[in-house]
Amino acid sequence: MPLSPPQDSLIDDLVLANKILHRYGIVDGYGHVSARLDSNAGNFLLSRSKAPALIERTDIRVHDFSGAMHGDGAPYLERFIHSEIYKARPDVHSIVHSHSQGSIIFGVTGRRLRPIYHMSGFLGSGSPIFDIGDVMGDSDLLVSSPELGGALATTLAGQSCALMRGHGMTVVGASIQEAVFRAVYTEKNAQMQLQAGRDGDIKYLSPGEAELTAALMARSIDRTWQLWVKEAEHDRHGS
Ligand SMILES: [Zn+2]
């Protein structure tokens, strides 16, 4: 069946998501964000391999759940993070993968990343850690095959964020806006948890508080998204 053209607005939001994630230090030259294509079951949108801040509409490519990229250019080596999580999680419509500093620190110490304030209740009872060494021994640490992507999806299970030992994190959401929101606030939570931990014992959100605050914040994500879009557009056009 031929692919129907992706919605323009979805492509626009994906381009903006790349720029916002770069602006907030979640991605640098590396890292990526994708969006499920509801109009073409079994497909998702992801840029060809490029630094996120430089991505434009013409770089966005349709990928299928085998990890194959349709169109010219080189694909990201780690596109299987996206294909395998979309397969495993029908509720997920957008995925962010990053090598942010806080996620690396928690991924290697084994300390659980837990919600310390209302903005990060989506972290629930704490993020699981995917250790690629448990799956294949010594490796280059990249999730560069369907098997590794599947193992990551298994570790993520029903949660919103999985840390990746010695590598970074993968965060999911029901929309591009939610995935970006969660990626930004996961990193903020990590930095604050580190800082607070130096001063004593931390009282984390209880599981009930995490659930209630996650539901509350999910309803107002658009407010933050509008601000971030404005900032990203100002960076691009200076107006
Ligand atoms: Zn990576």
Side-chain angles (χ1 to χ4, degrees), residues 17 20-31 33 52 81 85 89 91-92 94-135 141 143 151-174 177-225 227-228 231:
I20 291 166
L21 290 166
H22 180 259
R23 196 175 200 280
Y24 280 84
I26 307 304
V27 297
D28 48 20
Y30 299 92
V33 52
I81 291 173
I85 290 176
R89 289 278 302 272
D91 60 310
V92 169
S94 182
I95 300 169
V96 174
H97 170 60
S98 98
H99 308 154
S100 67
Q101 191 176 320
S103 67
I104 306 277
I105 294 170
F106 279 91
V108 297
T109 60
R111 263 184 302 163
R112 284 165 69 209
L113 179 65
R114 296 176 62 185
I116 68 166
Y117 74 148
H118 66 297
M119 299 297 287
S120 50
F122 59 85
L123 291 172
S125 58
S127 296
I129 298 174
F130 174 68
D131 190 336
I132 198 168
D134 293 342
V135 183
L141 299 188
V143 179
L152 172 62
T154 299
T155 300
L156 176 68
Q159 303 216 47
S160 56
C161 170
L163 304 179
M164 301 158 78
R165 194 268 303 164
H167 183 172
M169 68 175 177
T170 294
V171 181
V172 303
Q177 289 78 1
E178 186 170 71
V180 170
F181 177 94
R182 287 176 169 179
V184 170
Y185 283 101
T186 295
E187 180 61 22
K188 284 180 188 279
N189 192 94
Q191 297 298 339
M192 283 188 279
Q193 189 176 336
L194 284 170
Q195 211 171 321
R198 287 186 207 115
D199 292 331
D201 293 337
I202 300 173
K203 182 168 184 179
Y204 296 99
L205 264 60
S206 69
E209 286 172 337
E211 199 178 322
L212 290 167
T213 55
L216 175 74
M217 295 317 300
R219 293 198 291 273
S220 64
I221 283 171
D222 199 47
R223 176 164 133 184
T224 311
W225 176 257
L227 170 67
W228 290 346
E231 290 172 343

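Applying the ring pair (Phe, Tyr, Trp, His ring centres under 6.0 Å) test to His99 and every residue at least two apart in sequence or in another chain returns His97, His167. Contacts of Ala218 classified as side-chain contact (heavy atoms from CB on, under 4.5 Å), with partners at least two apart in sequence or in another chain: Glu178. Residues satisfying the side-chain hydrogen bond (donor to acceptor under 3.5 Å, both in side chains) criterion with Arg23, sequence neighbours excluded, are Glu231, Asp235. For Phe122, there are no ring pair (Phe, Tyr, Trp, His ring centres under 6.0 Å) partners at least two apart in sequence or on another chain. In this view, Gln191 and Glu187 satisfy the side-chain hydrogen bond (donor to acceptor under 3.5 Å, both in side chains) rule, not counting sequence neighbours. Residues that satisfy the ring pair (Phe, Tyr, Trp, His ring centres under 6.0 Å) test with Trp228, not counting sequence neighbours, are Tyr24. By the side-chain hydrogen bond (donor to acceptor under 3.5 Å, both in side chains) test, Ser127 is found to be paired with no residue, residues two or more places apart in sequence or in another chain being considered. In this structure Asp199 satisfies the side-chain hydrogen bond (donor to acceptor under 3.5 Å, both in side chains) test with no other residue, sequence neighbours excluded.
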Run the side-chain contact (heavy atoms from CB on, under 4.5 Å) check on Lys188 and Tyr117 step by step: do they pass?
CA-CA 10 Å; Lys188 284 180 188 279; Tyr117 74 148; 3.8 Å; yes
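A distance of 11.5 Å separates CD1 of Ile104 from OG1 of Thr109, quoted to the nearest 0.5 Å. Separating the CD atom in Gln101 from the CG atom in Asp28 is a distance of 11.0 Å, to the nearest 0.5 Å. Note: Ile202 CD1 to Leu194 CG = 8.5 Å, rounded to the nearest 0.5 Å. Taken to the nearest 0.5 Å, the CD1 atom of Ile95 stands 8.0 Å off from the OG1 atom of Thr170. Atoms CE and CE, from Met119 and Met192 in turn, are 9.0 Å apart once rounded to the nearest 0.5 Å.
Applying the side-chain hydrogen bond (donor to acceptor under 3.5 Å, both in side chains) rule to pairs touching residues 210-224 yields Asp222-Gln226, sequence neighbours excluded. The stretch residues 113-123 participates, sequence neighbours left out, in no salt bridge (charged side-chain N to carboxylate O under 4.0 Å, His left out) pair at all. The ring-ring contact (aromatic ring centres under 6.0 Å, His included) pairs that include a residue from residues 181-217 are Phe181-Tyr185, where partners are two or more places apart or lie in different chains. Within the structure, side-chain hydrogen bond (donor to acceptor under 3.5 Å, both in side chains) pairs that include any residue of residues 152-164 do not occur (at least two apart or interchain).
Nearest approach of Val33 to Ser94, heavy atoms of both residues: CG2-OG, 4.0 Å. Here the closest heavy-atom approach between residue Gly110 and residue Ile129 is recorded as CA-CD1, 3.9 Å. The shortest non-hydrogen separation linking Ser103 to Ser98 is OG-O, 4.5 Å. Summarising the geometry of Tyr30 relative to Pro52, their closest heavy-atom pair is O-CG, 4.0 Å, with the distance given to 0.1 Å. Across Met164 and Val143, no two heavy atoms sit closer than the pair CE-CG2, 3.6 Å. Ser100 and Gly25 get closest at one heavy-atom pair: CB-O, 4.4 Å.
No side-chain donor-acceptor contact under 3.5 Å links Arg182 to the backbone of Leu123.
Put simply, the side chain of Leu156 reaches to within 4.5 Å of the side chain of Val172, judged on heavy atoms. Using a 4.5 Å cut-off on side-chain heavy atoms (C-beta onward), Asp134 and Arg165 make no contact. Ile26 is listed as a side-chain neighbour of Met169, based on a closest heavy-atom distance under 4.5 Å.
Residue Asp201 places its CG atom among 12 or fewer non-hydrogen atoms of other residues, nucleotides or ligands, all under 6.0 Å distant.
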